[in-house]
Amino acid sequence: MRASSVSIKLLVATLLIAPLAFAQSPAPDTTSATLRTLSVTGYGEVMATPDLATVAAGVETQAPTAAEALEENNRRMEALIAALTGAGVAREDIQTAGFSVYPVYAEVLPGMPPKIDGYNVSNIVVVKVRRLDGLGALLDQLVNAGANTIHGVAFGFSNPQQMMDQARERAMADADRVAQHLARLAGAQVEMVLSISESTIPPIYGGRGYAAADAAAVPVEPGQSAVSTTVQVTYTLR
C-alpha cells in the first residue's frame, strides 16, 4: 500500500508541475520573421475639355445717399438676372455671392475730419453656364444689361467624379507598374497590397478675371483642364 501511495503522489505531482512548466515556457515569437514590404507612389491624370463655366458678375452703383444707390443697384440687378434667365440660364444656377453697402469719403485736407461724399452698393452673383458655345454672347448680354464688373470666368466639369475615378485607375496602375519593376530588380515578387492612401489634387481650371468694359471683346476658349490624384501603396513581397 505504501508503494502504491507513493506512486499516486508522484503522478499527481507530475501532473501539477507539467502545466506550470508549460505556462512558464516562452511564447512563440511571431515577430521574429521580418515582413518585407515595398512602398511606391502612383500618379494618375485625366485631361478633358470642360463642359461647364462659372462666371462672377456684379453691379456697382454710387449715389449721394445709400437709399438712392441701393435703388439703382436693385434696378440694374433685376435687369441682369432677367438677361441671364432670358439667355437660358436656370434660376438654380444663379446664386448671390456678395452684397455690400459702404460710404465713399471725399478727399479732405490733412487734419480735417472725414467727410462722406456718397454711398457705394455692390451686388455680385455667381452664374453656372452649361452651354459654353454661348458663353461669349452671354458675357456681352451681361454688360448690356448693366453688369459693370465681371470678376472671373472659370471652367470646370459637370461630373468631375467620373474623371476622378479614371484618374484613380491610372494612379493605381502606375503604382502597380512601379512596384513590379522594383521588386523584379530586387529579386522578389509582389504578393499583396498592405495599405493605400490617396492625395487628391483639385481640378486645375483655366480662367481669369475681366473688367466689364472688355468682356464682350474677349474670345472665350475653355481649352483643356486636368483632374489628377496621387496614391501611396504599400505591398508585401515574397
Side-chain angles (χ1 to χ4, degrees), residues 49-161 201-227:
T49 300
D51 61 355
L52 177 73
T54 302
V55 180
V59 173
E60 289 190 8
T61 54
Q62 187 170 327
T65 67
E68 291 173 320
L70 181 59
E71 182 180 2
E72 175 65 12
N73 193 283
N74 290 343
R75 183 185 66 80
R76 293 172 64 174
M77 279 300 298
E78 288 175 359
L80 185 149
I81 293 174
L84 288 171
T85 55
V89 178
R91 279 275 180 173
E92 55 266 27
D93 287 334
I94 306 172
Q95 184 178 41
T96 299
F99 179 81
S100 63
V101 180
Y102 57 88
V104 178
Y105 293 92
E107 293 185 6
V108 295
L109 296 174
M112 297 290 291
K115 179 182 178 182
I116 295 177
D117 193 38
Y119 289 86
N120 184 289
V121 176
S122 175
N123 196 342
I124 301 171
V125 291
V126 173
V127 184
K128 289 182 180 179
V129 182
R130 302 182 186 276
R131 291 184 53 192
L132 297 188
D133 56 350
L135 179 56
L138 181 62
L139 294 175
D140 191 18
Q141 292 177 30
L142 288 178
V143 175
N144 292 332
N148 50 17
T149 55
I150 297 180
H151 296 277
V153 177
F155 298 99
F157 303 100
S158 57
N159 187 14
Q161 191 56 54
I201 303 173
I204 302 172
Y205 299 144
R208 65 178 180 87
Y210 301 104
D214 68 353
V218 176
V220 178
E221 294 292 340
Q224 283 202 324
S225 299
V227 173

Heavy-atom nearest pair, S225 first then P50, reads OG-CG, 3.4 Å

Are any of the side-chain heavy atoms of D93 and V129 separated by less than 4.5 Å?
-> no

Got more than 12 heavy atoms from elsewhere within 6.0 Å of CD, Q161?
-> yes

Pairwise distance CE(M77) to OG(S122) - rounded to 0.5 angstrom | 9.0 Å

Taking the side chain as C-beta and beyond, is there a heavy-atom pair between I150 and V143 under 4.5 Å?
-> yes

Does the pair L138 and V89 meet the rule for a side chain to side chain contact (heavy atoms under 4.5 Å, CB included), with working shown?
-> CA-CA 10 Å; L138 181 62; V89 178; 4.2 Å; yes

Exactly one of T61, N123, V121 clears side-chain contact (heavy atoms from CB on, under 4.5 Å) with R76, and that residue is T61

Kindly indicate whether the side chain of T85, heavy atoms from C-beta on, has any atom under 4.5 Å from the side chain of I94.
-> yes

Residues V126, H151; criterion side chain to side chain contact (heavy atoms under 4.5 Å, CB included); working and verdict | CA-CA 9 Å; V126 173; H151 296 277; over 6 Å; no

Within the side chain of N73, is there an N or O that forms a donor-acceptor pair under 3.5 Å with the backbone of V59?
-> yes

What pair of heavy atoms forms the shortest contact from A147 to L80, and how long is it?
-> CB-CD1, 3.3 Å

Working to the nearest 0.5 Å, report the span between OG1 of T54 and CZ of R130.
-> 9.0 Å

Mind checking whether I81 and R91 have side chains closer than 4.5 Å, heavy atoms only?
-> yes

Measure from the side-chain N and O atoms of N120 to the backbone N and O of V104, and report whether any donor-acceptor pair falls under 3.5 Å.
-> no

Would you sort out whether Y105 and I116 count as a side chain to side chain contact (heavy atoms under 4.5 Å, CB included), showing the intermediate values?
-> CA-CA 4 Å; Y105 293 92; I116 295 177; 3.6 Å; yes

Report the distance from atom OG1 of T49 to atom CD of Q224, rounding to the nearest 0.5 Å.
-> 4.5 Å

Roughly how far, to the nearest 0.5 Å, is CG of N148 from CG of L142?
-> 11.5 Å

What are the two closest non-hydrogen atoms of L132 and P222, and how far apart are they?
-> CD1-CB, 4.1 Å

Just wondering, do Q95 and V125 contact through their side chains at under 4.5 Å, heavy atoms?
-> no

Could you grab the distance from atom CG of D51 to atom CZ of F157, nearest 0.5 Å is fine?
-> 7.0 Å

